[in-house]
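Encoded as structure tokens, the structure appears first; notes follow it.
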2 protein chains.
Amino acid sequence: MLGADNEELSASLEDYLEAIFRLSCDGRQARSKAIAERLGVSRASVTGALRLLKKKGLANYKPYDGVTLTSAGHHAAAEVDRKHRILKSFFGQVLGVDPETARKAACRAEHTLGPSVIGRLLCFIEFVSRENAAGNDLVGKFQQFCNERAV
Amino acid sequence: MLGADNEELSASLEDYLEAIFRLSCDGRQARSKAIAERLGVSRASVTGALRLLKKKGLANYKPYDGVTLTSAGHHAAAEVDRKHRILKSFFGQVLGVDPETARKAACRAEHTLGPSVIGRLLCFIEFVSRENAAGNDLVGKFQQFCNERAV
DNA sequence: TGACAAAGTTAGGTGTGGCTAACTATAATG
DNA sequence: CATTATAGTTAGCCACACCTAACTTTGTCA
């Protein structure tokens, strides 16, 4: 592993990675200002994070030049994004939490859950939709159940 | 709100709170060494955390004397503990994740999920057990579903 | 009761992650 | 093309959360 600063990624760096990933979906470079706005953080903090991501080999960063992800960075970001989508979908579709709350909860939980739990969660979403297709409307029943106890 | 240092509790402080809560279940005071061991942290770190908890009005702490929780601290700790139990139960019982992985995931996620998601999760556990009692073995079906796709 | 071990604290250091204020580079435009 | 606005960086600060090493307090027991 030449020159790579391995270690686990902090939740904060994962957030930066994800922001860059999302902002550069259409191929363009992510602007520092946009990252700052998306994460609700100062531009100075972004500069610091970009330097770290570069040191870890996850981002191509040159001062006064845009940012893109290296392929390692892209991989890591895609994984965070995947977790995010699975969690949001679970909170929203299965548990029936309102979309904005689901999104925020996903943002926070995406850094804490490992592959085995995420894998099961994804599977569970599929299971629920499969049951639904087979005529067993679990989501509906659960909503009903919640309404009865006013949760 | 006299003298209270409000703000949100950090994940770390919640961990300390929870450890004290658990260690003083039987009414005794929590010893600093035991907290350090339970959290895998140095005794010095515990001292620092206890000072913070005291400042926030959550722990009764006097150097060289044991620690107990104030009623505010007890409330907060009980809430963290409740989240922990709900999450562990969901990961283990519903998703079928192995107990140790479920415990660890709960430890990490308990700081990130708010009341609405936790409430729904608790409700979901009840829903599943109710369905089971009514002859709809969702857990079994889901396990089967996972096995088929080797998750 | 006095010495020793264990528990606890203090002092001082590290890394992360954030901030503001002030500076510099780039871009846009009259 | 000079000026100005905006984007980005640097410098310097703070808080948190951890650590080790050294010191102090407490409790035990010969």
Side-chain angles (χ1 to χ4, degrees), chain A residues 4-20 23-24 28-69 73 76-77 80 107-108 110-112, chain B residues 4-20 23-24 28-69 73 76-77 80 107-108 110-112:
Chain A
D5 230 60
N6 266 323
E7 322 266 327
E8 292 247 306
L9 271 177
S10 66
S12 167
L13 283 191
E14 282 188 354
D15 281 335
Y16 282 101
L17 222 45
E18 195 186 9
I20 299 166
L23 289 169
S24 53
R28 287 175 313 151
Q29 295 182 323
R31 313 307 321 270
S32 181
K33 195 198 180 198
I35 298 170
E37 271 161 8
R38 175 175 253 265
L39 297 179
V41 127
S42 74
R43 286 172 331 231
S45 300
V46 174
T47 302
L50 293 183
R51 273 211 295 243
L52 265 178
L53 289 176
K54 184 197 175 135
K55 201 172 75 174
K56 287 175 185 289
L58 300 170
N60 300 305
Y61 162 67
K62 257 171 87 172
Y64 296 104
D65 206 1
V67 202
T68 56
L69 296 176
V80 175
C107 269
R108 306 214 287 166
E110 68 195 14
H111 310 296
T112 69
Chain B
D5 230 61
N6 267 324
E7 322 267 326
E8 292 248 307
L9 272 178
S10 67
S12 167
L13 283 191
E14 282 188 355
D15 280 335
Y16 283 100
L17 222 44
E18 195 186 9
I20 299 166
L23 288 169
S24 52
R28 287 175 313 151
Q29 295 181 321
R31 310 310 317 273
S32 181
K33 196 198 180 197
I35 298 169
E37 272 161 7
R38 175 176 253 265
L39 296 179
V41 126
S42 74
R43 287 173 330 230
S45 299
V46 174
T47 301
L50 293 183
R51 273 211 295 244
L52 266 178
L53 289 176
K54 182 195 177 137
K55 200 172 75 173
K56 287 175 185 288
L58 300 171
N60 301 305
Y61 163 67
K62 257 171 86 173
Y64 296 105
D65 207 1
V67 203
T68 55
L69 296 175
V80 175
C107 270
R108 304 214 288 167
E110 68 195 14
H111 310 296
T112 67

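Below, chains carry the letters A, B, ... as their sequence lines are ordered, and counting in each starts from 1.
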B:Asp15 and B:Glu110: CA distance, side-chain angles, deciding distance, side chain to side chain contact (heavy atoms under 4.5 Å, CB included) verdict: CA-CA 10 Å; B:Asp15 280 335; B:Glu110 68 195 14; 3.7 Å; yes
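A side chain to side chain contact (heavy atoms under 4.5 Å, CB included) with A:Tyr16 is found for one member of A:Val41, A:Leu9, A:Leu50, A:Leu58 and no other, namely A:Val41.
Looking only at side-chain heavy atoms (C-beta outward), B:Leu17 and B:Val80 stay at 4.5 Å or farther from each other.
At a threshold of 4.0 angstrom between heavy atoms, the contacts of B:Val46 with the nucleic acid are absent. If you check every strand for non-hydrogen atoms under 4.0 Å, A:Ser12 touches sugar and phosphate atoms only. At a threshold of 4.0 angstrom between heavy atoms, the contacts of B:Ser42 include nucleobase atoms, whether or not backbone atoms are also involved. Residue contacts for B:Thr47: at a heavy-atom cut-off of 4.0 Å it reaches a base atom on one of the strands shown. Within the nucleic acid shown, B:Gly66 has no heavy atom closer than 4.0 Å to any nucleic acid atom. Nucleic acid contact class of A:Ala44 (heavy atoms, under 4.0 Å, all strands): base.
The distance from the CD atom of A:Glu14 to the OG1 atom of A:Thr112 is 10.0 Å, given to the nearest 0.5 Å.
Of the candidates D:dC19, C:dA7, C:dT9, D:dC19 carries the atom nearest the B:Val41 side chain, counting heavy atoms from C-beta on. For B:Lys33, whose side chain is taken as the heavy atoms from C-beta onward, the closest listed nucleotide among D:dC18, D:dC16, C:dG8 is C:dG8. Of the candidate nucleotides C:dT9, D:dT9, C:dG17, C:dT9 has the atom nearest to the side chain of B:Arg43. Of the candidate nucleotides C:dT9, D:dA17, D:dT9, D:dA17 has the atom lying nearest to any side-chain atom of B:Leu52. Picking from D:dG8, D:dC16, C:dG17 the nucleotide with the shortest atom distance to the side chain of A:Arg31 gives D:dG8.
As rounded to whole Å, 16 Å separates atom P of D:dA7 from atom CG of A:Leu50. If you take CZ of B:Arg51 and C1' of D:dA15, they are 14 Å apart, rounded to a whole angstrom. Following rounding to the nearest Å, B:Asp15 (CG) and D:dC18 (C1') show an atom-to-atom distance of 13 Å. Rounded to whole Å, atom C1' of D:dC16 lies 10 Å from atom NZ of B:Lys56. Rounded to whole Å, the distance from NZ on B:Lys62 to P on D:dT25 is 15 Å. Remark: P of C:dA5 and OH of B:Tyr64 are 18 Å apart, rounded to the nearest angstrom. For the pair A:Gln29 CD and C:dA27 P, the interatomic distance rounds to 11 Å; values are reported in whole Å. Distance CD1 (A:Ile35) to C1' (D:dT9): 14 Å, rounded to an integer number of Å.
Here the closest non-hydrogen pair linking A:Arg28 and A:Leu23 is NH2-O, 4.2 Å. When all heavy atoms of B:Ala30 and B:Ser24 are compared, the pair lying nearest together is N-CB, 4.4 Å.
Listed pair A:Tyr61 / D:dT9 meets the phosphate criterion, a side-chain N or O lying under 4.0 Å from OP1 or OP2. Taking only side-chain nitrogens and oxygens, A:Ser45 never comes nearer than 4.0 Å to OP1 or OP2 of C:dG18. Not one side-chain nitrogen or oxygen of A:Tyr16 sits closer than 4.0 Å to the OP1 or OP2 atom of C:dT16.
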